[in-house]
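Okay, structure first, notes after.
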Protein chains: 2
Amino acid sequence: MDAMLDTEGKETSATHGAYRKLREMILTGELPPGQKLKIEQLRGMLDTGASPVREALSLLTSDMLVERIDQRGFRAAPVSKCNFEEILMLRCNLEETALRKSIANANSAWEDRLVLRHHHMKKASQKGALDFEDAHKAFHMALLDNAKLPLLLRYCSQLYDLNIRYRYLAAGGSSYKKRDINAEHQEILDAALDRDAESATRHLIDHYRRTGEYLSSQMDS
Amino acid sequence: MDAMLDTEGKETSATHGAYRKLREMILTGELPPGQKLKIEQLRGMLDTGASPVREALSLLTSDMLVERIDQRGFRAAPVSKCNFEEILMLRCNLEETALRKSIANANSAWEDRLVLRHHHMKKASQKGALDFEDAHKAFHMALLDNAKLPLLLRYCSQLYDLNIRYRYLAAGGSSYKKRDINAEHQEILDAALDRDAESATRHLIDHYRRTGEYLSSQMDS
DNA sequence: GCCTCCAAAAATATCGATATTATTTGACAT
DNA sequence: ATGTCAAATAATATCGATATTTTTGGAGGC
């Protein structure tokens, strides 16, 4: 019998656990872009077998965070200014579509969810950066999820992750926090609660473009 | 050096082979929507081990052709009218974006590629339906690939596959061919060669909407 | 009769080992 | 010296077996 050393009781399968940990390591830059991902090495870091690691890498491939080179293993997806700009463009396009649909379907249950997520995000911003990231994503996804379009939501989520990877890579988002992010979020929230699609999408896209321009300028230097 | 034109059977890895075969079986409906996908059963059908099958299923999960149920295996993704309509909407949105960019980047090399693909598709339409499907996708992707936006192209390719699955499910596309598909393709091609983005996108989207309406009506009955 | 619970069966998830394929190293010839 | 080739090394891809978990089926209680 195995001793139950399960300190974290939430992981159901080894594959899913490996997936989450690897994903975080790639997003935060702990596994830098382009780095060769050797099974043995990861097996050690994650303290699990080779099969879960391989499956997790397969899953990350479809999230476009890992590249598979035929018969030559895996590597962390590379980054480029081009790639970043494409992500930004697609986000603006897809999130605008989703937000408009969300607002078109607006009801009080959704408004409650939005207010709650926004509140949690503000609270989390005083705690650790990692908690904030989770709450930040939850807020943005809540803006979109009332569109009730699962494919679109999935793409938005993927692109969100690809984007925050660039934020982490650009110096941990130090100056990202200097901008008045809170005010920007408040404007988006207020417009959504007013069911003003024009205003909400404009604020949302400005929010992304502003972050995008800063990150883009960082990548030149 | 390698003058050998690999006309067929160039399966490098068992995983990739299993992926292709499973993908085709799901797209054509040989593995119907919602069906439980048991490893042992597939292992027999594909004549390979359990590991390649599992990895192939993982990859198909990210193509949204397979669903993974935690600790309970895999199943072919279900279908619904809702899902179909979302695919149609996203295709119209994303392919319009891609086609406009493609045309903006137009050059003679791209035009040559288009003409060639269109020619191959016409030729293949007199052969088997399976050859035609490949050539049809190649033509549509060629329309988009000059945008030089890999993420967008990938999404379009994914959505294309999800869409043709519905075509196969709706009676093998018998009446699909009754419409004058050739004329529609010719119009799109001509507009693209004229570098007329308005006309090209309008024809492309009409092309999808027409197919979409027909399939949608089929799903009601 | 219907529900609950436990044992048997089946299927999945994971491990350890092997075969295959890529990469490196170093000797040899030019 | 330099480039090529072959053996040694390292890493991947795959297999077979085991451990876990879910599902099934039936016996006993209400």
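Residue numbers start from 1 in every chain, and the chains themselves are labelled A, B, ... in the order their sequence lines are given, proteins ahead of strands. Heavy-atom basis, side chains included; hydrogens, waters and symmetry copies ignored.
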note: B:Q71, atom CD; D:dT22, atom P; distance rounded to Å ~ 6 Å
To the side chain of B:K38, which of C:dT14, D:dA13, C:dA11 is closest? C:dA11
Between A:R72 and A:T48, name the one whose nearest nucleotide on DNA chain C is closer to the 5' end. A:T48
Within this structure, what is the CG-OG distance for the pair A:N107 and A:S102, rounded to the nearest 0.5 Å? 10.0 Å
Rounded off to whole Å, could you give me the CZ-to-P distance for the A:F74 and D:dT12 pair? 9 Å
So does A:K36 get a side-chain nitrogen or oxygen closer than 4.0 Å to the phosphate oxygens (OP1/OP2) of D:dT12? yes
Within the 4.5 Å heavy-atom criterion, are B:R117 and B:L143 side-chain neighbours or not? no
Anything under 30° is parallel, anything over 60° is perpendicular, the rest tilted; go ahead and classify A:Y160 against A:H136. tilted
Expressed as a whole number of angstroms, how long is the span from A:E55:CD to D:dA13:C1'? 14 Å
So A:Y155 and B:Y155, would you call those rings parallel, tilted or perpendicular, with 30° and 60° as cut-offs? tilted
Comparing A:R43 and B:I69 on DNA chain C - which has the more 5′ nearest nucleotide: B:I69
Could you check how far CG of A:L42 sits from C1' of D:dA11, rounded to whole Å? 12 Å
Presence of B:S13 side-chain N/O under 4.0 Å of D:dT12 phosphate oxygens OP1/OP2: no
In whole angstroms, how far is the P atom of C:dT14 from the CG atom of A:L46? 13 Å
Expressed as a whole number of angstroms, how long is the span from A:R75:CZ to C:dT23:C1'? 14 Å
Using whole Å, what does the distance between atom C1' of nucleotide D:dT22 and atom CZ of B:R68 come to? 16 Å
State which of C:dA22, C:dT12, D:dC15 makes the closest approach to the side chain of B:S51. D:dC15
note: B:L59, atom CG; D:dA13, atom P; distance rounded to Å ~ 11 Å
Walk me through whether A:R209 and A:E213 qualify under salt bridge (Lys or Arg N to Asp or Glu O under 4.0 Å). CA-CA 6 Å; A:R209 289 252 161 79; A:E213 268 162 31; over 6 Å; no
B:L37 near the nucleic acid: base, sugar-phosphate alone, or nothing, with a heavy-atom cut-off under 4.0 Å? sugar-phosphate
To the side chain of A:R54, which of C:dC15, C:dT12, D:dT12 is closest? D:dT12
